[in-house]
Structures are given as structure tokens and as C-alpha cells.
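This report refers to the structure that appears directly beneath it.
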Amino acid sequence: MMENTIILGVLIFLSEVVALTLGTVRTMMTVQGETKMAFLLGALEMTIWVLGTSAVISKVGQEPALGICYALGFACGNVTGIWAERKMALGHVVVRFISPASGAELAQAMRSEGFGTTVVAGEGSEGPVTVQFVVCRRRDFKQVIGIARSIDPNVFYTYESAGVAWCHSPAQGQCPSESRTVAEAN
């Protein structure tokens with residue numbers, strides 16, 4: 001009997017880890033507008049969740065340790081989901097570079113590496129600056145920062161999630177899907 005409880009506890013723990021990891025990735029797919037993948041991950045996530053939850057509910061009265069296995073699996077699933085999402089680096093970011101002296105050089109370096117760059121003239125507290133906007137895949141973020149810092153080690157930058165990105169002339173696979181149309185992107 002004790003062996004069965006241990007095996008069931010491990011299965012419940014693992015099912016929660018998998019369900020929560022899938023849930024985190026599904027949420028990111030939803031934010032990115034990937035409806036088909038979000039649908040599939042959601043169906044799989046809920047199937048695993050229902051099976052794991054029903055096992056706990058039906059037996060937790062006799063074996064309270066199963067509730068602890070469920071809670072630990074839930075907690076570990078959150079952490080694992082965040083780790084998996086970071087490794088996958090889904091989606092795009094908008095990086096804004098502000099440089100008082102190296103704007104044109106920075107933009108040229110980005111373009112030569114295949115990253116589209118939009119340059120805007122601006123006014124900083126100490127005079128004219130250029131602002132470069134680069135939309136890139138999250139997995140390319142460190143490369144983009146490295147390029148900018150190689151040109152201007154003191155470049156100021158900010159970044160944020162781009163949500164759904166669409167581009168009209170893909171370079172190096174920078175677009176989420178080269179076959180998407182404007183109507184699909186909206």
C-alpha cells in the first residue's frame with residue numbers, strides 16, 4: 001500500500017510539473033498570437049491537469065501526502081515553466097538605443113548584421129541624440145546588445161516585449177512567419 005502511494009505521489013508531482021510548464025509556454029504562445037499552438041498546448045495541459053487533480057481529490061482523504069505532492073508539483077511546475085520559456089526565448093523585443101555620437105554607425109552595424117533599424121533624431125539633456133529602434137527575436141537580444149556596445153560602450157538602451165511582430169521584408173528569419181499576411185498579423 002505504501003509503495004502505491006509513493007508511486008502515485010511521484011506521478012501526481014510529475015503531472016503537475018508538466019501541466020504548469022505547458023501552461024506557461026501556452027500563455028506565451030497566446031501572447032504571441034500563435035493560436036494553433038496555444039490551442040494544442042491548452043488541450044494537453046488540461047488533460048494532464050484533470051487526470052492529476054482527479055487522482056488527488058479521490059485519494060487525498062486517505063493519503064494527505066498526495067496533496068503535498070500536488071502542491072510541490074505545482075510550485076516546481078511554475079519554476080520549470082519560467083525556465084523553459086526563457087530557454088525557448090519566444091517572441092520579439094523592441095530595443096531602443098540612444099546615442100549622442102554613434103547613432104549612424106550603430107544603425108549601419110545593425111543593418112549589416114541583418115537587423116532592421118529605424119533611426120529617429122532626438123534631443124537629450126546634453127544636446128542632439130539619435131534613437132535607434134530595433135525589433136528582434138528575443139533569442140537575438142544579447143547579440144543586438146553586443147553589436148551596440150561594440151560601437152558605443154556607453155550606449156543607453158531600453159527594451160520591452162513587442163507582442164506580435166510582423167515585417168514586410170524578412171532578413172535572417174527575423175519575422176515570426178514569413179508567410180503571414182497583414183490581415184493575419186492584425
Side-chain angles (χ1 to χ4, degrees), residues 17-42 44-45 75-186:
V17 169
V18 170
L20 266 289
T21 301
L22 288 172
T24 302
V25 175
R26 175 193 46 80
T27 299
M28 291 309 298
M29 291 291 178
T30 301
V31 168
Q32 299 301 320
E34 299 291 338
T35 55
K36 291 175 187 172
M37 185 58 75
F39 175 85
L40 293 172
L41 290 174
L44 183 57
E45 173 194 359
C76 287
N78 280 310
V79 173
T80 304
I82 292 168
W83 175 83
E85 194 280 325
R86 284 183 183 159
K87 289 295 181 192
M88 293 170 68
L90 301 169
H92 289 74
V93 292
V94 177
V95 187
R96 284 175 298 278
F97 295 103
I98 301 175
S99 177
S102 305
E105 202 178 342
L106 196 151
Q108 181 57 39
M110 290 295 169
R111 290 175 182 138
S112 70
E113 292 294 323
F115 296 104
T117 304
T118 300
V119 180
V120 178
E123 183 73 29
S125 61
E126 297 179 14
V129 297
T130 59
V131 181
Q132 292 80 28
F133 293 91
V134 179
V135 177
C136 66
R137 296 177 301 189
R138 274 186 51 211
R139 72 182 79 142
D140 295 329
F141 174 72
K142 287 182 182 179
Q143 178 186 0
V144 167
I145 298 301
I147 294 167
R149 287 219 165 125
S150 72
I151 303 298
D152 181 357
N154 298 315
V155 68
F156 175 80
Y157 69 90
T158 63
Y159 67 94
E160 62 188 84
S161 175
V164 176
W166 181 85
C167 59
H168 64 281
S169 58
Q172 293 183 345
Q174 295 293 318
C175 295
S177 173
E178 280 81 357
S179 63
R180 290 178 69 181
T181 64
V182 176
E184 289 175 312
N186 294 328

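Just the heavy atoms: all of them, side chains too, but no hydrogens, waters or symmetry mates, feed the values below.
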For a quick test of your reading: what N or O donor-acceptor pairs under 3.5 Å do the side chains of residues 97-105 make, sequence neighbours left out?
unit_1 : atom_1 : unit_2 : atom_2 : d
Ser99  : OG     : Ser102 : N      : 3.0
Ser99  : OG     : Asp152 : OD2    : 3.0

Residues that Thr117 engages under side-chain contact (heavy atoms from CB on, under 4.5 Å), provided they are two or more places apart: Ala107, Met110, Arg111, Val119, Gln132, Val134

Check: Arg138 and Met88 side chains under 4.5 Å, non-hydrogen atoms: no

Distance-minimising heavy-atom pair for Val135 and Val94: CG2-CG2, 4.0 Å

Nearest-0.5 Å distance, CG of residue Leu40 to OG1 of residue Thr35: 9.5 Å

Interatomic distance, Thr21 atom OG1 to Glu85 atom CD [nearest 0.5 angstrom]: 11.5 Å

Min side-chain heavy-atom separation Arg137-Gln143 under 4.5 Å: no

For Gly124 against Val129, the heavy-atom pair lying closest together: N-CG2, 4.0 Å

Euclidean distance, His92 NE2 relative to Arg139 CZ, rounded to 0.5 Å: 8.5 Å

Any pair counted as ring pair (Phe, Tyr, Trp, His ring centres under 6.0 Å), so long as it reaches residues 131-152, sequence neighbours left out: Phe141-Tyr159

Greater than 12 external heavy atoms within 6.0 Å of Glu123's CD: yes

Distance (rounded to the nearest 0.5 Å) between Leu20 CG and Thr80 OG1: 9.0 Å

Verdict with supporting geometry, Met29 and Lys36, side-chain contact (heavy atoms from CB on, under 4.5 Å): CA-CA 9 Å; Met29 291 291 178; Lys36 291 175 187 172; over 6 Å; no

Pairwise distance CD1(Ile147) to CD(Gln108) - rounded to 0.5 angstrom: 12.0 Å

Spacing of CD belonging to Glu113 relative to SG belonging to Cys136, to within rounding of 0.5 Å: 12.5 Å

